[in-house]
A.B. asks: 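The structure that follows is given in the form of structure tokens.
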Amino acid sequence: MFTMKQIAHLILVALISSTKIQAQCNLKPDGSYGNKSETSVVVQFDYELEYDPQQLLNVSMSVVPALERSFNKAVLLTLFPNDCKEAIVNDFNVIGISASPEDSVLPDVTCSPMFSDSNACEVVNAALTVYFRTDEEHSKIDIQEKAQDITDLVLESLRYGMEETKFILSISMKRVSFYGEPYYPQEIRDSLEAPLDVKNSQELSQGA
């Protein structure tokens, strides 16, 4: 299993290599990359999108697909850090990613407290599929453990991107963070008189 130090190192490698990868590795129109295999892991997560409702309309049709592609690009940079070649993740060859299953807004789920009462917020169920090679030497337990390693790496790379506001695609988008983890962009935190404590986000939102 990956340690947090190993995950941090892999994300750093992806960042160092990102300029070359962006020039050579491109997602297909459907948000996929590489090849499919019989062995795969579906990485699922819920995220919160806080936005200005006066500027963003029809979030499900416009913003969610754009974010889905942006997430996949970040995963591409993490899983394929070496000139778009097959990536080795704990002895497993990662050969492709897919945008499926389709992301969708969860209409009955409430966001964490928002920074501003004038904003709107949606919780989105998101998922992507990572394909990797195995052979006869790998047991079912090995495959499950490696699938978990891939899941951890993908989620941590997305968390890093959210904290660095890499997924804020327009000025009308105020926050993109994992559900229940209301991370606020630096410019918002800087505007507060005291450091933002997510445990007290309700109080801060009411005082904004």
Side-chain angles (χ1 to χ4, degrees), residues 1-2 4 7-8 11 14 31 40-53 55-79 97-130 147-189 191-192 195-208:
M1 302 292 284
F2 279 132
M4 291 305 298
I7 290 175
I11 293 174
S40 64
V41 56
V42 176
V43 181
Q44 297 192 44
F45 59 96
D46 295 336
Y47 70 88
E48 301 179 13
L49 168 62
E50 185 174 347
Y51 61 96
D52 182 347
Q55 299 184 44
L56 272 185
L57 302 175
N58 202 347
V59 169
S60 296
M61 295 296 294
S62 59
V63 183
V64 170
L67 278 172
E68 183 175 34
R69 188 173 184 85
S70 187
F71 292 152
N72 280 17
K73 185 65 175 179
V75 172
L76 174 63
L77 298 179
T78 301
L79 294 181
I97 61 175
S98 168
S100 63
E102 184 177 355
D103 297 357
S104 60
V105 172
L106 300 175
D108 299 324
V109 181
T110 303
C111 283
S112 301
M114 293 180 289
F115 174 72
S116 172
D117 289 338
S118 64
N119 291 341
C121 187
E122 303 286 354
V123 176
V124 181
N125 175 248
L128 59 92
T129 303
V130 179
Q148 186 61 54
D149 281 344
I150 292 172
T151 298
D152 291 343
L153 180 57
V154 167
L155 293 178
E156 284 305 314
S157 68
L158 292 176
R159 178 175 285 106
Y160 176 85
M162 291 175 182
E163 292 179 352
E164 294 297 314
T165 66
K166 301 295 185 182
F167 305 125
I168 301 296
L169 307 180
S170 71
I171 59 173
S172 54
M173 296 173 61
K174 306 305 180 182
R175 173 172 61 89
V176 177
S177 62
F178 282 132
Y179 176 62
E181 300 179 19
Y183 185 90
Y184 293 84
Q186 185 65 49
E187 58 268 25
I188 290 181
R189 287 180 286 150
S191 70
L192 300 172
L196 180 64
D197 181 349
V198 295
K199 293 181 180 179
N200 297 320
S201 57
Q202 176 72 62
E203 178 181 346
L204 290 169
S205 298
Q206 293 175 347

A.B. asks: Is there a side-chain contact between N58 and V63, using heavy atoms and a 4.5 Å cut-off?
C.D. replies: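 Answer no - side chains too far apart.
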A.B. asks: Is there a side-chain contact between Y47 and V64 in this structure, where contact means two heavy atoms from C-beta onward sitting under 4.5 Å apart?
C.D. replies: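 Contact flag for Y47/V64 side chains = yes.
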A.B. asks: Using the side chain to side chain contact (heavy atoms under 4.5 Å, CB included) rule, take L106 and D46 through it: C-alpha gap first, then chi angles, then the decisive distance, then the call.
C.D. replies: CA-CA 9 Å; L106 300 175; D46 295 336; 4.1 Å; yes
A.B. asks: Can you find a heavy atom in the side chain of F167 that is under 4.5 Å from one in the side chain of L67?
C.D. replies: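 They are in side-chain contact.
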A.B. asks: Check A74 against L158 and note the closest heavy-atom contact, atom names and distance.
C.D. replies: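 Smallest interatomic distance, heavy atoms only, reads CB-CD2, 4.4 Å.
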A.B. asks: Scan K174, R175, E50 and name whichever one has a side chain to side chain donor-acceptor pair (under 3.5 Å) with N119.
C.D. replies: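 That would be E50; it is the only one of K174, R175, E50 passing the side chain to side chain donor-acceptor pair (under 3.5 Å) with N119.
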A.B. asks: Spell out, as yes or no, whether a donor-acceptor pair under 3.5 Å connects the side chain of E48 to the backbone of S112.
C.D. replies: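 Yes: the side chain of E48 pairs with the backbone of S112.
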A.B. asks: For F71 and L76: C-alpha separation, side-chain torsions, deciding distance, then whether side chain to side chain contact (heavy atoms under 4.5 Å, CB included) applies.
C.D. replies: CA-CA 9 Å; F71 292 152; L76 174 63; over 6 Å; no
A.B. asks: Once rounded to the nearest 0.5 Å, what's the spacing between atom CE of M162 and atom CG of L155?
C.D. replies: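 If I round to the nearest 0.5 Å, the distance is 9.0 Å.
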A.B. asks: For V105 and V123, run side chain to side chain contact (heavy atoms under 4.5 Å, CB included): C-alpha distance rounded to whole Å, both residues' side-chain angles, the deciding distance at 0.1 Å, then the answer.
C.D. replies: CA-CA 6 Å; V105 172; V123 176; over 6 Å; no
A.B. asks: Would you confirm whether the ring centroid of F45 sits within less than 6.0 angstrom of the ring centroid of Y179?
C.D. replies: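 Y179 vs F45: aromatic centres not under 6.0 Å.
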A.B. asks: Hey, what do you get for OG1 (T78) to NZ (K73), rounding to the nearest 0.5 Å?
C.D. replies: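 Output value for this atom pair is 11.5 Å.
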A.B. asks: Would you check if there is a donor-acceptor pair between the side chains of Q148 and D152 at a distance under 3.5 Å?
C.D. replies: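 Side chains of D152 and Q148: pair found under 3.5 Å.
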A.B. asks: When rounded to the nearest 0.5 angstrom, what is the spacing between OG1 in T165 and CE in M173?
C.D. replies: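 Here the rounded value is 10.5 Å.
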A.B. asks: I'd like to know if the side chain of T129 reaches the main chain of S100, judged simply by a donor and an acceptor atom lying under 3.5 Å from each other, with no hydrogens or angles considered.
C.D. replies: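 Present.
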A.B. asks: Could you tell me whether a side-chain N or O of S70 sits under 3.5 Å from a main-chain N or O of A66, the two making a donor and an acceptor?
C.D. replies: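 Not at all, since once roles are kept as given, no pair shorter than 3.5 Å links the two residues.
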A.B. asks: Does the N125 side chain pair with the main chain of D103, one donor and one acceptor, at a distance under 3.5 Å?
C.D. replies: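 Checking the backbone N and O of D103 against the side chain of N125, no donor-acceptor pair under 3.5 Å is found.
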A.B. asks: Grab the two heavy atoms, one from S172 and one from L56, that are nearest each other, plus how far apart they are.
C.D. replies: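 In this case the closest contact between S172 and L56 is OG-CG, 3.2 Å.
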A.B. asks: Is any side-chain heavy atom of L153 less than 4.5 Å from a side-chain heavy atom of L79?
C.D. replies: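 They are in contact (side-chain heavy atoms under 4.5 Å apart), so the answer is yes.
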A.B. asks: Rounded to the nearest 0.5 Å, how far does OG of S157 lie from CG of L77?
C.D. replies: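 Reported to 0.5 Å precision, the distance equals 9.0 Å.
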A.B. asks: If you measure from CG on L169 to CG on L49, what distance do you get to the nearest 0.5 Å?
C.D. replies: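 So the CG of L169 and the CG of L49 are separated by 9.0 Å.
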A.B. asks: Would you indicate whether the side-chain heavy atoms of V42 and P101 approach each other to under 4.5 Å?
C.D. replies: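 In contact.
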A.B. asks: Do you know the tightest heavy-atom contact between S118 and P53?
C.D. replies: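 S118 and P53 have their closest heavy atoms at O-CD, 3.4 Å.
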A.B. asks: Rounded at 0.5 Å granularity, tell me how far OG1 in T151 sits from CD in Q44.
C.D. replies: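 Rounded to the nearest 0.5 Å, the OG1-CD separation comes to 10.0 Å.
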